[in-house]
Amino acid sequence: MLTFATKAFSKTTTILVVVFLCVIALKVSDPWAVRILRHNTFDVFQKISPNQSETQKIVLVEIDEKSLKAKGQWPWQRNILADLTNKILQQSPHALAIDIVFPEPDRTSPSLIIENNPVLAQQLKPHKKDLPSYDDILANEFRNHPVILGMATGYGTDQRAPVETTTSIRMYGGDVRATLPRFNYLLRNIEPLERATTQGVNNLAPERDGIIRQLPLLYNVNGTIIPSLEVETLRITNNADEIELRTENNKLKSIRLNSFDLTNSNRGKPWIYFSKYSDYTKVSANDALTGAIDDNLFKDKIVILGVTALGIADYTLTPVGSNLSGLTIHAQALDNMLTHSLLTRPFTYFWIELGYLFLIGILFLVVHKRHGALELTVTFAILCWITILVSSGLFAFKSTLFDPSMPLIFTLIMFMVSVSSGFVTEQARRRKEASIATQKEREKEARIRKLQNELLHTIGKSSVQKLSSSIAHELNQPLAAIYNFTNAAKKILEKDNLDLDMIKPVLDKILNQADRGNEILRTIRDAAETGKANLSSLNINKIILEEIELFNDSSLEKKNYIKTDLSIDISEGTANEIQLHQVLLNLIRNAKQATEEVNRTDHEILISTCENPKGMIEVAVSDTGPGLTPDQKKDLFKPFYTTKEQGTGLGLAISRSIIEAWGGNLWVEDNKKGGATFKFTLPLCD
Ligand code: ADP
C-alpha cells in the first residue's frame with residue numbers, strides 16, 4: 001500500500017516530468033511568445049550594458065524641421081537635393097548613403113510641368129529640349145561619385161521587379177538564397193538615378209512588439225540577392241567590385257568586401273548592438289546647403305543623408321529604450337559593422353540551450369527525489385547564478401546572445417513544484433506523526449485506566465487477604481487450645497470409668513469440627529500468601545514513572561511535586577507489576593499526606609532507585625513531612641496501626657507482606673530534610 005507521502009511524491013515527480021516535457025516542446029517549437037520573451041531578455045543585456053564604441057567615420061546629414069522651414073515642404077525638388085549632394089560630394093566623402101528612395105520622377109521638373117500644362121507646352125515647345133529635368137540634375141550630381149540609394153522590399157506586382165542587382169554577388173561554399181529574407185517586390189529608384197548610383201535595401205523591419213533588433217544584410221528578391229544599404233555602402237567604401245559570400249551548409253558564414261570581413265553576420269541577420277546616445281556628427285541639411293559647416297566635415301567620412309523631421313521620418317523603438325530615427329538606426333548598424341560589434345546568436349546555441357534545459361530538468365528530478373528543501377534551494381540558486389553569469393558573460397565577452405529566459409523560468413517552475421511538494425510531504429509526515437502520537441496517547445490512557453482498575457481491585461483483594469490472614473493468625477491459637485482442651489477432656493472422661501458412650505460421639509464431632517475449622521483457617525492463610533504468583537522481570541524505573549503519572553492524574557494539584565533520581569543503568573527486577581504499583585501508591589500517598597501535615601513551601605517527594613551492594617534493587621521514597629517518632633517506627637508496619645482519621649492502618653502492613661513475599665524488605669529511615677524515607681528492596685531478575 002502506498003503511503004500518503006509516497007503518493008504525494010510520485011504525483012510531484014509526474015508534474016515535474018510534465019513541466020520538463022512542456023518546456024522542451026516549447027523550446028523546440030519556439031512559438032512567438034517564447035521568442036518575444038527571449039528577445040526582451042536580450043534587450044535587458046543591451047539596456048544594462050549598451051554599446052559604447054562609436055566610430056568617428058560616420059556623419060549624418062539630417063533633413064530636419066529647420067531644413068523644411070528653410071526650403072519648404074517635403075519632398076523637395078530634386079534640384080535642391082542635387083545642390084545638397086553637391087555640397088557634400090565636393091568634400092570627397094568615402095561614400096554618401098542616401099536613406100531615401102526615389103521611385104517616381106520629380107513632377108516639379110520644368111520638362112514635366114509643360115507636359116501636364118497644354119498652354120505652357122505650346123509656348124515653350126521650341127525650348128523643350130533645353131528645359132531641365134531635376135532628376136537628370138540630381139543624377140548628374142551623383143554620377144561618378146560613391147553614392148548609394150535606398151530601395152524598399154515588399155510584396156507587390158511592380159513590373160520592374162525583379163531586378164538584376166547592380167552589384168555583383170558571388171557565393172563560395174553553397175547557395176544561401178533559401179535562408180535569406182524572401183520578397184517578391186522591390187521598390188526601386190527611377191532609372192536615371194539608378195544608373196548613376198548603386199543601391200541597397202534601406203527599409204527597417206521592427207518585430208511584432210514594435211522594437212527593431214535585427215537587420216538583414218542580404219535579401220532574396222525573386223531569386224536575386226540584394227544587399228542592404230549598409231552592406232552596399234561598405235562595399236563602396238572598401239572599393240570592392242563584388243560581394244563575396246562565404247557559406248557553410250548553405251548558410252551564410254561571412255561576407256567579404258575586398259579586404260573587409262564581416263564575420264558576425266549571424267547567417268545574414270545580425271543583431272544590432274545599440275548605443276543609448278547616438279553622438280555621431282550631425283548636420284542639418286539646411287546648414288550644408290547654406291555652407292554653414294566646416295569645409296572638411298565630410299572628407300573621408302561615410303555620410304548618411306536622410307529625413308529626421310518629425311511627422312515625415314519613421315521613428316522606431318530600440319532595445320535600449322529610446323525611439324530612434326531610421327537614419328540613426330542605419331548609422332548604428334553601420335557603426336556596428338565597422339567596429340565589428342554586431343551581436344550574433346550562433347546556431348549551436350539552440351542545441352546548447354536545449355541540452356542545458358535537459359540538465360536542469362534531470363538535476364531537479366534527481367535532487368527532488370533524493371534530497372530535501374535545502375538542497376533544492378541550493379540547486380535553484382546555483383542554476384540561476386550559472387544561467388545569469390554564463391549568458392551575461394557570453395554577451396559581454398563574445399558579443400553572443402545566449403538565452404537565459406527559458407532556463408531561468410524553467411528552474412523557477414521546477415524549484416517551486418519540488419519545494420511545494422516537499423511542503424505537502426512534510427505536512428503529511430507531521431500529520432502522520434501527530435496521529436501516531438495521538439494513538440500512543442490513547443493506548444497509554446487505556447493502559448493506565450486498566451491499571452487503575454486492576455489496582456483498585458487488588459487493593460480491595462489484598463485488604464481482605466491481609467484481614468483474612470490476620471484473622472487466621474489470631475484464631476489459629478485459640479482453636480489449637482480448644483482442640484487440645486477437648487482432647488484432654490476426652491482423656492479425663494475415659495479415666496473416670498464413666499459411661500461416656502453418649503458423650504464420645506459428640507466430642508468426636510467437636511474434634512472433627514475443630515479439625516475442619518483449622519483446615520479452613522489454613523486454607524485462608526494460604527490464600528493470603530499468593531503474592532508469590534505472577535512474578536515477572538520488570539523495569540522498575542518505568543513502573544515508577546508510570547505510577548507518578550497515575551498519581552498525578554488522580555491528583556488535581558501541581559504536577560511537578562514528585563521528583564525522581566533514577567539510576568539509568570539499573571537491571572530489571574523480579575516482582576508482580578500490579579502489586580508493585582500498589583506498594584508505590586501506598587508509599588507515595590503516605591508521603592503526600594505526611595507533607596500536608598507540615599506547613600512549608602519547599603515540599604518535595606523524591607523517588608530514587610539504585611542497585612545496592614547486596615545486589616538488590618533499592619527504591620527510596622523520601623518526603624518532607626513530620627517524620628516518625630521511635631514509637632511510631634515500632635508499630636508502623638502492624639496491621640490496623642493508623643494515626644489518620646480515615647486511615648485503615650493496612651497500607652504499610654500489606655506493602656511489607658508483598659515485598660517480603662518477593663524476597664525483599666521494606667523499612668523506614670529518617671531523612672536530612674526532617675521527613676521519613678521509606679525504602680524497599682527487590683531481587684534482581686535471574
Ligand atoms: P494509613 O495510611 O491508612 O494510616 P498505613 O499503614 O499506610 O495506613 O500507615 C500507617 C501509619 O504510619 C499512618 O497512619 C501514619 O501515622 C504513619 N506513616 C506512614 N507513612 C508515613 C510518612 N511518610 N510519614 C509519617 N508517618 C507515616
Side-chain angles (χ1 to χ4, degrees), residues 452 454-474 528-529 531 543-544 547-548 550-552 554-555 557-558 560-565 575-576 578-609 618-662 664-682:
Q452 274 174 331
E454 284 181 17
L455 201 55
L456 285 173
H457 178 71
T458 310
I459 287 170
K461 206 170 114 190
S462 292
S463 301
V464 172
Q465 283 170 344
K466 187 69 197 171
L467 198 60
S468 316
S469 172
S470 305
I471 291 166
H473 182 74
E474 297 298 321
E529 286 173 1
I543 304 283
I544 289 171
E547 184 53 46
I548 292 171
L550 206 64
F551 186 81
N552 282 337
S554 62
S555 143
E557 290 161 50
K558 58 178 180 178
N560 53 0
Y561 190 54
I562 304 171
K563 304 263 162 47
T564 53
D565 176 17
N576 176 291
I578 303 296
Q579 288 180 330
L580 184 57
H581 271 290
Q582 185 189 341
V583 170
L584 285 166
L585 176 63
N586 280 337
L587 296 181
I588 294 170
R589 194 172 47 201
N590 278 347
K592 174 130 191 301
Q593 285 168 349
T595 58
E596 282 161 3
E597 288 175 30
V598 180
N599 189 16
R600 55 192 276 188
T601 50
D602 60 341
H603 275 310
E604 180 185 272
I605 295 174
L606 178 71
I607 305 178
S608 58
T609 55
E618 192 171 299
V619 182
V621 182
S622 311
D623 61 57
T624 48
L628 294 156
T629 61
D631 283 347
Q632 274 179 311
K633 278 186 200 161
K634 249 193 273 161
D635 300 330
L636 212 54
F637 295 97
K638 287 183 179 164
F640 309 113
Y641 173 81
T642 179
T643 56
K644 298 170 194 166
E645 226 168 81
Q646 303 289 324
T648 61
L650 286 170
L652 287 174
I654 293 170
S655 296
R656 179 173 264 182
S657 68
I658 288 173
I659 295 291
E660 283 175 358
W662 300 335
N665 281 313
L666 171 63
W667 70 100
V668 67
E669 291 174 4
D670 296 326
N671 65 36
K672 286 177 191 161
K673 291 183 178 172
T677 299
F678 282 83
K679 290 186 177 176
F680 66 86
T681 51
L682 289 178

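In what follows, residues are counted from 1 in the order of the sequence shown. Both counts, for ligands and for their atoms, begin at 1 and track the order of listing.
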Closest non-hydrogen atom pair, Asn590 against Lys644: OD1-NZ, 2.9 Å
Nearest-neighbour protein heavy atom for atom 22 (C) of ligand 1, which is reported as residue plus atom name and distance: Phe678 CE1, 3.7 Å
Atom pair OG1/CD of Thr681 and Glu660 - distance to nearest 0.5 Å: 9.0 Å
Protein heavy atom at shortest distance from atom 3 (O) of ligand 1: Thr648 N, 2.9 Å
Identity and distance of the protein heavy atom lying nearest atom 7 (O) of ligand 1: Asn590 ND2, 2.9 Å
Close approach, Gly625 and ligand 1, non-hydrogen under 4.0 angstrom: no
Under the side chain to side chain contact (heavy atoms under 4.5 Å, CB included) test, residues paired with Lys634 that sit two or more places apart: Asp631
Those atoms of ligand 1 less than 4.0 Å from some heavy atom in Thr642: 1 (P), 4 (O), 14 (O)
Per-residue contact class, Asp623 against ligand 1 - non-hydrogen pairs under 4.0 Å: side chain
Residue portion contacting ligand 1 (non-hydrogen atoms closer than 4.0 Å) for Phe637: neither
Shortest protein heavy-atom distance from atom 15 (C) of ligand 1, along with the residue and atom involved: Thr643 OG1, 3.4 Å
Any Leu587 side-chain heavy atom under 4.5 Å of Leu652 side chain: yes
Student check: side-chain heavy atoms of Leu580 and Phe680 closer than 4.5 Å: yes
Identity and separation of the nearest protein heavy atom to atom 25 (C) of ligand 1: Leu628 CD2, 3.6 Å
Donor-acceptor contact present, side-chain Asn671 to main-chain Ala676, <3.5 Å: yes
Atom 9 (O) of ligand 1: the protein heavy-atom neighbour that sits closest, reported with distance to 0.1 Å: Leu652 CD1, 3.7 Å
Atom 17 (C) of ligand 1: the protein heavy-atom neighbour that sits closest, reported with distance to 0.1 Å: Leu636 CD1, 3.4 Å
Atoms of ligand 1, numbered as shown, that sit under 4.0 Å from any heavy atom of Tyr641: 10 (C), 11 (C)
Backbone of Thr624 reached by a side-chain donor or acceptor of Thr595 within 3.5 Å: no
Protein heavy-atom partner closest to atom 2 (O) of ligand 1 - residue, atom, separation in Å: Lys644 NZ, 2.9 Å
Those atoms of ligand 1 less than 4.0 Å from some heavy atom in Ala594: 22 (C), 23 (N), 24 (N)
Under 3.5 Å: N/O of Ala676 near N/O of ligand 1: no
NZ/NE/NH1/NH2 to OD/OE distance under 4.0 Å, Lys633 and Asp670: yes
Asp565: partners by side-chain hydrogen bond (donor to acceptor under 3.5 Å, both in side chains), with sequence neighbours left out: none
4.5 Å side-chain heavy-atom contact, Ile659 and Trp667: no
Element-labelled atoms of ligand 1 that are located less than 4.0 Å from some non-hydrogen atom of Gly627: 25 (C)
